[in-house]
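Take a look at the structure set out below.
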2 protein chains.
Amino acid sequence: MIKCAKCRQIDFVQKSGIVRGKQRYFCKACDYHFTLPEVVENRKNKPRHQVTIIDIANELGISKSTVSRALRGHTDIHEGTRKMILDLAQQLEYQPNPLANALLKSRTNIVGILVPEFRHYFFPTVIMGAQEILSKAGYNVMICQSDESYETEVANVKALMNSRVDGLLVSVTTQTNNVDHFRTVLRKEVPLVFFNRVCPELDTPQVIVDDYAGAFQAVEHLIQQGYRRIAHLAGPVSLLVSRLRMKGYLDALQKHGLPVDNELIIHYDLTEEKARIYANYLLSLAQPPDAIFAINDPTAIEIMLVAKSRGVKIPQELGIVGFSNDPISAIIEPPLTTVEQPVWEMGRQAARILLEQMENPHIETYQLPTRLVVRGSSVNC
Amino acid sequence: MIKCAKCRQIDFVQKSGIVRGKQRYFCKACDYHFTLPEVVENRKNKPRHQVTIIDIANELGISKSTVSRALRGHTDIHEGTRKMILDLAQQLEYQPNPLANALLKSRTNIVGILVPEFRHYFFPTVIMGAQEILSKAGYNVMICQSDESYETEVANVKALMNSRVDGLLVSVTTQTNNVDHFRTVLRKEVPLVFFNRVCPELDTPQVIVDDYAGAFQAVEHLIQQGYRRIAHLAGPVSLLVSRLRMKGYLDALQKHGLPVDNELIIHYDLTEEKARIYANYLLSLAQPPDAIFAINDPTAIEIMLVAKSRGVKIPQELGIVGFSNDPISAIIEPPLTTVEQPVWEMGRQAARILLEQMENPHIETYQLPTRLVVRGSSVNC
DNA sequence: ACCAGTTTCGGGAAAGTTCCCGATAGTTTT
DNA sequence: AAAACTATCGGGAACTTTCCCGAAACTGGT
């Protein structure tokens, strides 16, 4: 009753177990195991078939190699054939599959950008600058935020590496003390450029601003305005920006012969709650400061809000200077004196260096200038 | 002098032209063309070879199928073999190549997010909400901004589709009147969910807030505060949100028997410059408004700045209400009355619906509630 | 007609996975 | 002991593209 799939005979076929729910048969004559082929039903589970070069080749009765050559602008092809292929490709709306190309070349044309957050002005703007350059160069961008968590940062780096990004633009978290995950990136020779929050212990290109000069100017400005007891609400020591701005603060004090009071120097983790807590703490001191230099504008603004809620008059009783010149600084009352940094340009430069890195690996540190923008929050008239 | 590459004989070999700069030969005896193989030099242009399942298979002397089964947690495998494979995979730090998988399955595990901008509070926050859900589900995110330009939006959609994203989360530009590019997306059966700025002419899932109710409440609040000549600086008519908030504005006026003055209704393109221009225009009218309902918070804030610069007192001479409750609204002086919308949640819901869409396509419109937050900019006491 | 040289095209490997299905060996049932 | 069944593994296609290299079909020149 059952024909052998090989010799087409019936007599020697016998049952031989079940495989994956299907009856199996064995033909003694030709020593051959087989199962009955299922009737293939409506094969509609192939939803969207993108047009491939093979489709074009079949349509024109030529080989896929020729189609590929035409599309890639090779020379080894007849002008008429090329035109024919190009026309059909356009007509069929052919889109080359980047996945196949990526698999073959091990290049995805995607760069990863990893930032601590993008709720405030700074990081979104850097990203926009980077995107401007990268998309011009034909790269897509995959953005991750570490949320100021070391574990998330490690996980994100892993995820981006697993996605086989061609390069990485990174600003580390406040908690990043161990940088082994970035060493892994370097070991796999994936270009890596840090910006703003950099890793000086790694030999990688970096884009930063002149944090020291900016901080120095800011604090000197406060001194020139007559403030004498100047506090500094600083970032965590782990970040180089914190240390550089701190040094600018200290040197400015020293230059003008002002004492350094450790009570007035606070390192914190850049969260809003802590900013409020330390602002309150500073203003509650027996000898409160008459001015505060904040590590960045969001911090400065938290201080302003706390000062306002305590009835402390700005700038008369408290001068405040921030860093970064977020747009909100010009809007708040009184407007915030701050150190302007070319944020958009930082993104552009980071992207540029990353692209260069892909061509020709080299270490480059790019430093952008800062400029003090004096507004109402520090003019003690 | 030249041996045939096939029969190893010398006598019948003759020159036969040149191919790509290399001398070609022909053996009459075996009717065979050939060129001399080049001496292969140091093949060091294979930079980083990732560990593959084939490496594991070769190492253990088994087939790649078996390795794949072990790694994918299949049942058809011996427990000992699986353990052996898993151990070696861990030791070699094996990472499956997502490109190969994507090529095979036509799934990239990437979703694209397309927004008009992310300089303000709203869109970055939505994106964060969406990312929270999507990354939990194992998806990476590719973010593009159309920069309020229709052409850029079309180009971005094309780029994301070309990158073979598995789904799309979109908020359209102010200039988007033609939606053919989204029809292309739907035609290729790529899940597409709109949020905030939606396309009602397309049959797609959408996530919106109750714009009508929010606007109605806002305007009614102004009326209850005693304002009688209420202007509306609205968004472009092309956006549904504009139309809905407009309707809320109109209905609130009507309910309280206030006349509609077309002079006080301005549609604009949501750029900062135009906001300033129209704010100035409104305040320069012979009969200026005594309150303005703004389409969103950035607009409201521009109006506040213009009013301040003209010496118009808020809220005494001009009441202002915004929409969205950006953090800056609580900070500005006076604090801005605004309609709060669950922005983060909007991102979460959009992502959730997109994920559902991938499983089981269906049309769903999700509407989130709004809530009026009354602050100083509208309390005419 | 014969050969050298050029132009144009096709075949097939490679990239790394998953999955279908056949194959084998071993185990249990009749 | 044959028949029926299970557990485990290997082979190879498929996904799409690029690229190497050989093959065929030309062109001229002798």
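It should be emphasised that the depicted structure is a prediction, and the values quoted were computed from it without experimental measurement. These numbers come from the heavy atoms of this one structure, side chains and all, not from hydrogens, waters or symmetry mates. Naming convention: chains lettered A, B, ... in sequence-line order (proteins, then strands); numbering from 1 in each chain.
- Across all strands, A/Ile77 comes closer than 4.0 Å only to sugar-phosphate atoms, never to a base (heavy-atom distances).
- Taking the charged nitrogens against the carboxylate oxygens, B/Arg352 and B/Glu132 have no contact shorter than 4.0 Å, which rules out a salt bridge.
- For the pairing with A/Arg107, the side-chain contact (heavy atoms from CB on, under 4.5 Å) check across A/Leu103, A/Ile110, A/Asn109 returns one residue only, A/Asn109.
- Distance, B/Ile53 CD1 to D/dC9 C1': 14 Å, rounded to whole Å.
- For A/Arg69, whose side chain is taken as the heavy atoms from C-beta onward, the closest listed nucleotide among D/dC20, C/dT17, D/dT18 is D/dC20.
- Between the P atom of C/dA14 and the CG atom of A/Asn101 lies a distance of 18 Å, rounded to the nearest Å.
- Side-chain atoms of B/Val111 and B/Met358, non-hydrogen and from C-beta on, do get closer than 4.5 Å to each other.
- Here B/Thr66 does not reach the OP1 or OP2 of D/dC9: none of its side-chain N or O atoms lies under 4.0 Å away.
- Note on B/Pro98: nothing from the nucleic acid sits closer than 4.0 angstrom, heavy atoms only.
- At least one side-chain nitrogen or oxygen of B/His78 sits closer than 4.0 Å to the OP1 or OP2 atom of D/dT8.
- A donor-acceptor contact under 3.5 angstrom links the side chains of A/Ser63 and A/Thr66, judged on distance only.
- Looking at heavy-atom distances under 4.0 Å, B/Thr52 makes contact with sugar-phosphate atoms alone, never a base.
- Nearest-nucleotide positions on DNA chain D place B/Val67 closer to the 5' end than the other of A/Ser68 and B/Val67.
- The residue A/Asp76 sits close to a base: some heavy atom pair falls under 4.0 Å.
- Rounded to whole Å, atom P of C/dA14 lies 17 Å from atom CG of B/Asn97.
- In this structure, the CG atom of B/Asn58 is 11 Å from the P atom of D/dG10, given to the nearest Å.
- Comparing A/Gly61 and B/Leu103, the nucleotide of DNA chain C nearest to each residue sits closer to the 5' end for A/Gly61.
- With no hydrogens or angles considered, no side-chain donor-acceptor pair links B/Gln95 and B/Gln50 at under 3.5 Å.
- Here D/dT17 presents its P atom at 10 Å from CG of A/Leu99, a figure rounded to the nearest Å.
- Proximity note for A/Thr81 (side chain, C-beta onward) versus C/dC9, D/dT17, C/dT18: the nearest is C/dC9.
- Within 4.0 Å of A/Glu79, counting heavy atoms only, lies no atom of the nucleic acid at all.
- Between C/dT18 and B/Arg72, a contact under 4.0 Å exists linking OP1 or OP2 to a side-chain N or O.
- Remark: A/Tyr94 is in phosphate contact with D/dT17, judged by side-chain N or O atoms under 4.0 Å from OP1 or OP2.
- Side-chain N/O atoms of A/Ser65 and base N/O atoms of C/dG11 include a donor-acceptor pair closer than 3.5 Å.
- With a 4.5 Å cut-off on side-chain heavy atoms, B/Ile133 and B/Tyr139 do not count as touching.
- At a cut-off of 3.5 angstrom, the base of C/dG16 holds no donor-acceptor pair with the side chain of A/Arg164.
- Note: CG (A/Asp55) to C1' (D/dC15) measures 13 Å, nearest angstrom.
- Nucleic acid contact class of A/Ile62 (heavy atoms, under 4.0 Å, all strands): sugar-phosphate only.
- At whole-Å resolution of the value, CD1 in A/Ile54 and P in C/dC9 are 18 Å apart.
- Atoms CG (A/Leu104) and P (C/dG16) sit 10 Å apart, rounded to a whole Å.
- Interface remark: the A/Lys64 side chain does form a donor-acceptor pair with the C/dG12 base, using a distance-only criterion of under 3.5 Å.
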